[in-house]
Amino acid sequence: MSDGQLTSPPGTHDVLSPASRLWEFLIGTFANEARRYGFGLIVSPMFEDVAVFHRGIGEQSDVARKEMYTFTDRGERTYALRPEGTASVVRAFVQHNPTPPWKAWYATPAFRYERPQAGRYRQHHQVGVEALGSDDPYIDLEVISLAWRFYEAIGLRRITLMVNSMGHAECRAEFVELLTAYFEENETRLCDEHTKVWSTNPLRVLDCKKDSCVSLVQEGPTLPASLCAECRDHFAVVTAGLDALEIPWTANPNLVRGFDYYTRTTFEFASDALANAQNAIGGGGRYDRLAEDLGGSPTPGVGFGSGIERLILALEAEESPVVSAVREAGVFAYVVDTTGGLAALTLTSSLRAAGVSVDRAFDRRSMKSQLKAADRSGARWALLIGDQETHGGYVTLRDLRVGDEGERQYQVPRADVVAHVAELQRKNSEI
RNA sequence: GUGGGCGUAGCUCAGCUGGUUAGAGCGCCGCGCUGUGGCCGCGGAGGUCACGGGUUCGAGCCCCGCCGUCCACCCCA
C-alpha cells in the first residue's frame, strides 16, 4: 500500500492479539526464570551515545559498520538505536557502579538496518541477562543454564548448544596474529569475498560457509590451541558444569560470534527445526574487557540474549502444542446483559475484583449477538442477565463448551454469582 | 548493499490468448429463532485490482517506473 496509507516501516511489524499472547507467555516465562535465578530487571534507554556501541561491539564489526540506526538530535549529539542488549547494560553498570556481582535481565527491542528476510527484521526483540563483577566460570554456568531452562519452560525441544572459548585478551590477540599470518601466506585460498576483506576482521573467516574458506580454516591455527592454561581451566570448568547439569553441548572451535567484546566463554543456541541460515535463537558469552572499554574499572561480565521472533519461529517449526494452547487462551467468562448494560457494568467489576478474567458486550446488542460474541471470546461460561434474571434476582450460567442442551444452564442467586464463578475459575485452572 | 518471486475484499486466493456490471472460501453484520452461541439455510456490507505513467477502441492481465512484501547472499536474534 503506497497510496498514502500509513504503514509500519520496512522490517518492522505490529503484533496483535491473539498472536501477541505468545509474546506475553515468552516474556512472562523469561521474567519468572530470571527472578528465580536472582536477576533483577533493568530498563535502560533504547538509544545511547553512538560511542557506547562503537567501543562496545567494535568499530570493525558488521553491525557497527553498516547496520546501526544513528541519528543526530537537536542538540547535535550523535546517538544510535541499540543494535543489541549488552553494551547499554554495561554502560549502565559503569555509570551507577552497583555492588557486584550484579545480575540484570531485560526485554527490549533491538534495531539493525539490514534487508529483512525470514527471521530477520530491522526491529526485533530480545530477552536477556547480564552478570557483572565475577570471572568465576560458575556464573557462566548460571547464565547458560538459565537460558537452557528457559527454552525447556517454553516448550522448545530441538535445541543445540554450541560452546567455545575465545581466551582472554592475550590469548585472543595471539590467535588473531597467528591467523593473520596464516591468511597472508594462503590468501589465494580464501573465498572471493574474504580475499578482499579478511584483514578488517580475520575472525569472521572462521564461520564463512564457502568451501574454500572452510578447508583453509580446518588446516589453520585453532582457538583451543592458543588458550593459556588459565583460560583452558576456565573453559574446562564450564564444560564440566554443563555435564553436571546434564545440559547437552558440543564444542565448536570456530564459534566466534559477531561482536568484538567477547572473551573466553562464547556460546550459541540453534534450533534444529529451522532449516534456513537464521537458525540461531540465542547466544552470548563472556566480555571481561567491556566495562573497561566503556570507561569503567576493569570488571568481568557474562551474559546472553535470545530473539523473541526466532523463538516463535522455532516453536512453530517444531509444531509445539504450546503455540496453539497459548493462542487459544482467552477470558474465562463473558457477561451477556440484555437489560441495558448497567448490570454487566457492576457484575464485571465485581468479578474482576475477585480475580476472574471476564469480558462483556457493548452497544445494547441482542442476546443472540452477545452470545455469539461470547463464543468468539473463547470464554468457558456465559453469564446471562435478562429481564427474567433481573426480576428473579439470579444470573443464568451457560456452559459454552457443553454440547448437550439439557445440562448446560443453571441459575445462581445474584448475591452468590461472584464467589461461584471465582470458584469455577479456580477449579478450571487446576486442570 | 546485490539478486529473484509476489502485490486483486479484513484473511487465503481464483481471474482463460487484454473484452464490457471483478469472483470464491473463511471472517464480519442481519434474518430464519421477538431470551440463547457453536451446525445449517437465506440475505447484506466490504475492492480507486499497491501506486504513477505508457501501449490499446478497450488493461486486474502487456511495457516502464516506483513503493511494499517475501526469499536468497553477507551476517546475525
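Chain letters run A, B, ... following the sequence lines, proteins first, then strands; residues in each count from 1. Just so it is clear, the model here is predicted, and its values are computed rather than measured.
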**Student:** Let's test your reading of the model: under 3.5 Å, does the base of B:C75 pair with the side chain of A:R204 as donor and acceptor?
**Tutor:** no
**Student:** Across the strands shown, which category fits A:L384 at heavy-atom distances under 4.0 angstrom: base, sugar-phosphate, nothing?
**Tutor:** base
**Student:** Which part of the nucleic acid, if any, lies within reach of A:G85 when heavy atoms closer than 4.0 Å are counted: base, sugar-phosphate only, or nothing?
**Tutor:** nothing
**Student:** Answer yes or no: does a side-chain N or O of A:S369 lie under 4.0 Å from OP1 or OP2 of B:G30?
**Tutor:** yes
**Student:** Would you indicate whether the side-chain heavy atoms of A:D62 and A:R204 approach each other to under 4.5 Å?
**Tutor:** yes
**Student:** Please confirm whether the shortest side-chain N or O distance from A:K368 to OP1 or OP2 of B:U36 is below 4.0 Å.
**Tutor:** no
**Student:** C1' atom, B:C61 versus B:C70: distance in rounded Å?
**Tutor:** 22 Å
**Student:** To the side chain of A:D62, which of B:C74, B:G37, B:C75 is closest?
**Tutor:** B:C75
**Student:** With both distances kept under 3.5 Å, what pairs with B:U69, Watson-Crick or G-U wobble?
**Tutor:** B:G5
**Student:** So which nucleotide from B:C29, B:U36, B:G1 ends up closest to the side chain of A:R115?
**Tutor:** B:G1
**Student:** Ignoring hydrogens and angles, does a donor from either the side chain of A:Q123 or the base of B:A77 sit under 3.5 Å from an acceptor on the other?
**Tutor:** no
**Student:** What contact category does A:E114 fall into here, base, sugar-phosphate, or nothing, at under 4.0 angstrom with non-hydrogen atoms?
**Tutor:** base
**Student:** Applying a 4.0 Å non-hydrogen cut-off, can you work out what A:Q126 is touching in the nucleic acid: base, sugar-phosphate, or nothing?
**Tutor:** sugar-phosphate
**Student:** Are A:E84 and A:F259 packed together at the side-chain level, in the sense that at least one heavy-atom pair is separated by less than 4.5 angstrom?
**Tutor:** yes
**Student:** Taking N and O atoms by type only, does the side chain of A:R120 place a donor or acceptor under 3.5 Å from a partner on the base of B:A77?
**Tutor:** no
**Student:** Measuring only the P atom in each nucleotide, how far is B:U69 from B:A77? A whole number of Å is fine.
**Tutor:** 23 Å
**Student:** With heavy atoms under 4.0 Å as the rule, sort A:I281 into base, sugar-phosphate or nothing.
**Tutor:** sugar-phosphate
**Student:** Base of B:G27, side chain of A:R376 - is there a donor-acceptor contact under 3.5 Å?
**Tutor:** no
**Student:** Looking only at atom C1', what distance separates B:C40 and B:A50, rounded to whole Å?
**Tutor:** 39 Å
**Student:** Considering only the C1' atoms, how many Å lie between B:U8 and B:A24, rounded to the nearest integer?
**Tutor:** 13 Å
**Student:** Can a donor-acceptor pair be found, under 3.5 Å and without considering hydrogens, that links the side chain of A:R122 to the backbone of A:E114?
**Tutor:** yes
**Student:** So if I take every side-chain heavy atom of A:A280 and compare against B:C29, B:U36, B:A77, which nucleotide ends up nearest?
**Tutor:** B:A77
**Student:** Taking B:G53 as the reference, what is the distance to B:C66 when you measure between their P atoms (whole Å, please)?
**Tutor:** 15 Å
**Student:** How is A:F259 classified with respect to the nucleic acid when contacts are heavy atoms under 4.0 Å: base, sugar-phosphate, or nothing?
**Tutor:** sugar-phosphate
**Student:** Counting side-chain heavy atoms from CB outward, which of B:C70, B:G37, B:G30 is closest to A:R365?
**Tutor:** B:G30
**Student:** Considering only atom P, compute the distance from B:U17 to B:C6 and round it to an integer number of Å.
**Tutor:** 16 Å
**Student:** Between B:U48 and B:G23, how far apart are the P atoms? Round to whole Å, please.
**Tutor:** 15 Å
**Student:** On a plain distance test, is the side chain of A:Q409 in donor-acceptor contact with the base of B:U36 below 3.5 Å?
**Tutor:** yes
**Student:** Scan A:A374 against the nucleic acid and name what it touches under 4.0 Å (heavy atoms): base, sugar-phosphate only, or nothing.
**Tutor:** nothing
**Student:** What is the nucleic acid contact for A:G282, judged by heavy atoms within less than 4.0 Å: base, sugar-phosphate only, or nothing?
**Tutor:** sugar-phosphate
**Student:** Using atom C1' of each nucleotide, how far apart are B:C67 and B:G52 to the nearest Å?
**Tutor:** 10 Å
**Student:** Mind checking whether A:V143 and A:W148 have side chains closer than 4.5 Å, heavy atoms only?
**Tutor:** no
**Student:** Report the nucleotide, chosen from B:A77, B:C74, B:G30, that has the shortest atom-to-atom distance to any side-chain atom of A:R257.
**Tutor:** B:A77
